[in-house]
Amino acid sequence: MAADKDNTANISLIVDFRPRLRKLIEIEFVLDHLNFLDNDNKDLIRTKARKESNLKAVDLLIDTIIRIRPLPKGWFREFVDALSAGGCKHAATYVEDSPPCPALEAENDNCVRLIELLSPSLLGMKTTDVCWDCFSKGILTMEDREIILAECQNRGNMGGARELLRRIVRFPPGWFSTFLKALQVTEHKDLYKELTGESPGDNLIGKNSYPFTDLYSIDHESQGCCIAPAAESPPKAVIVLRDYQMDVARPALEGKNIIICLPTGSGKTRVAVYITKEHLDSRRKEGRPGKVVVLVNKVPLVEQHYSTEFWKFLKNKYKVERVSGDSQLKISFTDIVQKNDIVICTAQLLENYLERAHSGDDDGIKLSDLSLIVIDECHHTQKGGVYNHIMIRYLKQKHKNAKLKKEQKDTVAIPQILGLTASPGVGGAKKIDKAEEHILRICANLDAYKIMTGNLGENKKEPHKRIATAEERKEDPFGDVLKGVMNAIHIHAELNPTCDLGTQNYEQWVVQKEQNAAKEENQKVRVCAEHLRQYNEALYLGKTIRMWDAFSFLDKYFDEELKKKVAPEDEEAIIKTDTERFLFTLFKGNSKVKLQELAKLPQYENNSLAKLRTKILHEFTSREKARGIIFTKTRRSAIALAQWVQENSKFEEVGVKACHVIGGGGQSVVKPMTAAEQRDVLNKFQNAEINLLIATTVAEEGLDIAACNFVIRYELVTNEIAMIQARGRGRAEDSSYTLVAGEGSGVAERESVNEYREKMMSKAIDKVKKLDQEEYEKRIKEFQIQAIMEERVRTTKKKQKGMKKESPSKVKFSCRSCNKPVCSGEDVEIIENMHRVNVTPQFKELFIQRENTSLVKRLLDYETNGFIACKDCGQRWGSMMLYRGIECPCLHVKNFLVTYDEKRKNVNKWSELGIQLPAFDYAEHARSVAESSEDEESM
């Protein structure tokens, strides 16, 4: 009985510390020392580690230990000894119920997080030297050393560095200071400085002056308690504001809501950090709780604001955390907010949890839980935006409070609001009074007491601006061939375009034709319209980048289309229609050869590209250290321009090192960049490994990019906000801003309009600032009441629409390409309120599954790495998800023709369908899968 109690207590310890053990146990080494597990179980665990991951293998090990009955005598001691012998001593301290004290544990977690954050830089270390030194100092085992050295030999220095960083963080607290000593001994002064903020000579090793775990003397026999630091507290980063920054901050320091409007690169975020610190300090002095949430509108900004600003300056005094929709945290967002003083997050995440609280969910957040909300890029606080949804909640509560106050009832606390922007814009206004109204509406939406602008004086850096206009091409035989092909398709499909080929108007026309043809089941016109879109895109590419890029784009498109028509093994052949044969023959025949030959002739390249080449060469030959950004319209053009620069020997001769950076959204057919990939490129740009970024508009707003001395917008003009943001990237002294535009493209003219709007915006802000405060507040209140009333109308309509939701049986789905009936809405279920799946046996017979090498997503409970397509025509229908062990065909509604109440519709988003789909019943489907597996085994 006593042994059973001990086993129960020991298993309980393992379960309690499971999240820690998953990160600290290295399966490969520990299994060798576990004799109470039989070889079959060990093989299963090793296979899990090899085929999936070490984390999954640790889970299986713990599950196996929990499952074994009876457990052999002495198993627990053997498990602890195995952890120690396998180089997992830190894990052993947790299993023995001797974890480090909370303060030391938190400090160690910070060190681990810092290593993860700075890993792109650390991968450049001299791995072999650091490895030997770490081994000699006891933070690597002999097995660790051999594996790291083997990794260096097989996969290079960076592969070995990754393995080294992965292994040192598993050691008990104290490893960080030892690692710093290893960096100093191996002469990595730059890495040492990046980790500590100081040069090795500034504070001598061993004198307890590091800002991390080496402040503590670690006594491994002291039951995990930490001894007080032997020297003074770690140095704190001091925030020093310039005069203009302090001027704009002053009303916020008095507790008022304001908008800070300062140019890009003038330190808006630093001002926000200072205001945050003063806000929390004052509330702490008054004995009141303080809670700050910093909202951003892009996932990469979460990490940026956390690491470079808020955590950097406030970590010694306050708990700072970051989280976004991309974060794979098992702890709820509510818990994160409760346990930290400052949380940096995406706005949608906060809105989701505010809605939960509004719906009565305990796991929600109320505005009254927060004392300050910082809204980055606050000019997005307009109708339909997530910032505005949050602020409407705020305004409703504010006006309720006014009513409660009149009735002498208790009011509900609401947070202070701080908005940050470089440019509020004019909202499309053509006259100054409408521009002023736009500024006032943003002020009203943010409940701003004032909009604050600063006089930068000598700190103001305005780049020199010029427009480089390229002459139109006298001859364009490549474009003529494309237009000839397009006209042949027009004749075949009996289409008569109403606008010029290669324009945006043509794109809109052909999209409309495709949608109408799909509804009318006119496959001939629908397929022709799809191909015309691709030729139109190729025409645009040929006008802005190389002809070869346009040709490659078309060639790849046709290769992919042909692959769709080739069935996987053991499947029936996919049928090609007469129209598809015509279109494939039209390109693969004489047209492809002509285009390929013309693409090789430099005399027909577009003149805009020649202007761009001249401008880049000028910047890199006239400056001692050139560093610049080229902004372009599409992801495809950003990638193509980067390749053009990399392949040009002239650029290499003058020291150009280029790379592209594009957005992370999945709405484009071009593979997006992950947040980690974006960070890696920007870090290289920061460290001068790259000196020319070619970027889409993702880099215009918010992202912290190292000071540039030239900015080029290539055939790209959007609005005045984007122009100001892009120009603001030229922060260095004597910087230049150039617009490269083709003659007759209209780009230069639109830039002039933006310049006019920028001047109008400045005048409108001045007019708003000069308003009498009473008049200002009266107008603000009117706009706020209007916003609240409009929101009420929208909410009422939404509720009525929800009440009218029809039965899913009224919706039918058919293949968009061949019109084959596919399924009814009754067959579709929804996973996590996001993914629409059809797991019926009948549906399984209708599609083929293909591997999609360009798409590999790994998410919390599911993964997707293939797509499903119509068995008859090859039209893509969606992706194949593996959700908690069950294969679930996930439908993308835009790939289907939807029939609703006998009417055919083109639907791009599931939210456009007014039907309520049932939730996916995991337990039911898991049971069904298990039964079918048993039936197969018994056959």
Side-chain angles (χ1 to χ4, degrees), residues 239 248-260 268-296 302 305-306 309-311 313-323 332-347 349-358 363-376 378 381 386-402 404-405 410-420 445-450 452 784:
I239 307 169
V248 297
R250 200 158 278 118
L253 298 175
E254 296 167 4
K256 293 183 173 73
N257 295 350
I258 61 167
I259 295 171
I260 293 177
K268 291 184 297 296
T269 311
R270 186 66 50 81
V271 177
V273 175
Y274 183 81
I275 292 169
T276 297
K277 176 186 171 296
E278 293 298 310
H279 171 85
L280 290 173
D281 286 352
S282 66
R283 290 184 77 91
R284 185 175 280 184
K285 285 176 188 174
E286 294 165 7
R288 294 191 295 159
K291 189 78 64 180
V292 180
V293 169
V294 182
L295 301 180
V296 298
V302 173
H305 283 348
Y306 172 81
E309 294 289 346
F310 287 89
W311 184 76
F313 287 100
L314 304 179
K315 65 179 182 286
N316 291 297
K317 197 167 186 180
Y318 296 105
K319 292 179 182 176
V320 189
E321 188 52 274
R322 82 292 206 195
V323 61
S332 83
F333 181 61
T334 306
D335 288 339
I336 291 170
V337 172
Q338 287 173 351
K339 292 176 181 177
N340 292 278
D341 302 302
I342 305 158
V343 176
I344 299 106
C345 67
T346 42
L349 197 56
L350 177 63
E351 168 62 13
N352 292 347
Y353 277 78
L354 288 170
E355 180 56 35
R356 284 190 185 189
H358 179 70
D363 189 30
I365 292 171
K366 297 176 182 176
L367 284 173
S368 56
D369 296 332
L370 313 174
S371 59
L372 171 64
I373 297 178
V374 180
I375 301 180
D376 190 36
C378 70
T381 313
V386 64
Y387 283 162
N388 213 42
H389 292 159
I390 292 168
M391 286 308 301
I392 283 288
R393 296 179 189 278
Y394 172 97
L395 294 176
K396 282 180 178 178
Q397 189 57 60
K398 180 190 173 184
H399 286 272
K400 279 181 188 174
N401 281 350
L404 290 168
K405 201 170 181 181
D410 291 339
T411 58
V412 177
I414 51 176
Q416 181 182 347
I417 305 295
L418 173 62
L420 309 174
N445 292 343
L446 289 156
D447 194 36
Y449 164 74
K450 275 185 178 178
M452 304 297 295
Q784 288 178 346

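Counting heavy atoms from C-beta on, the side chains of T334 and Q338 come closer than 4.5 Å. You'll find the side chain of D363 stays beyond 4.5 Å of the side chain of F333, heavy atoms only. The side-chain heavy atoms of I275 and L253, taken from C-beta on, include a pair separated by under 4.5 Å. Inter-residue side-chain proximity for R393 and E351 is flagged as met; some heavy-atom pair is nearer than 4.5 Å. K277 places none of its side-chain heavy atoms less than 4.5 Å from the side chain of V273. Side chains of M391 and I375 form a contact here, defined as non-hydrogen atoms less than 4.5 Å apart. Residues V320 and N340 fail the side-chain proximity criterion, which asks for heavy atoms closer than 4.5 Å. Proximity of N257 to Q416: side-chain heavy atoms (C-beta onward) are separated by under 4.5 Å at one or more points.
A salt bridge links K317 with D281: at least one charged nitrogen is closer than 4.0 Å to a carboxylate oxygen.
Atom NE2 of H358 sits about 11.5 Å away from atom CG of L367, to the nearest 0.5 Å. For the atom pair NZ (K268) and CD1 (I260), the distance works out to 9.5 Å, reported to the nearest 0.5 Å. The structure places CD1 of I392 at 13.0 Å from CG of L354, a figure rounded to the nearest 0.5 Å. A distance of 12.0 Å separates CG in L370 from OH in Y394, rounded to the nearest 0.5 Å.
Checked by atom type and distance alone, the side chain of Y449 never pairs as donor or acceptor with a backbone atom of G255 at under 3.5 Å. In this structure, K405 contributes its side chain and T411 its backbone to no donor-acceptor pair below 3.5 Å. Put simply, the side chain of S368 never gets that close to the backbone of A413: no donor and acceptor are under 3.5 Å apart.
Nearest approach of A357 to K366, heavy atoms of both residues: CB-CG, 4.0 Å. Across T381 and N445, no two heavy atoms sit closer than the pair O-ND2, 2.9 Å.
For the pairing with L295, the side-chain contact (heavy atoms from CB on, under 4.5 Å) check across D376, V374, I390 returns one residue only, I390.
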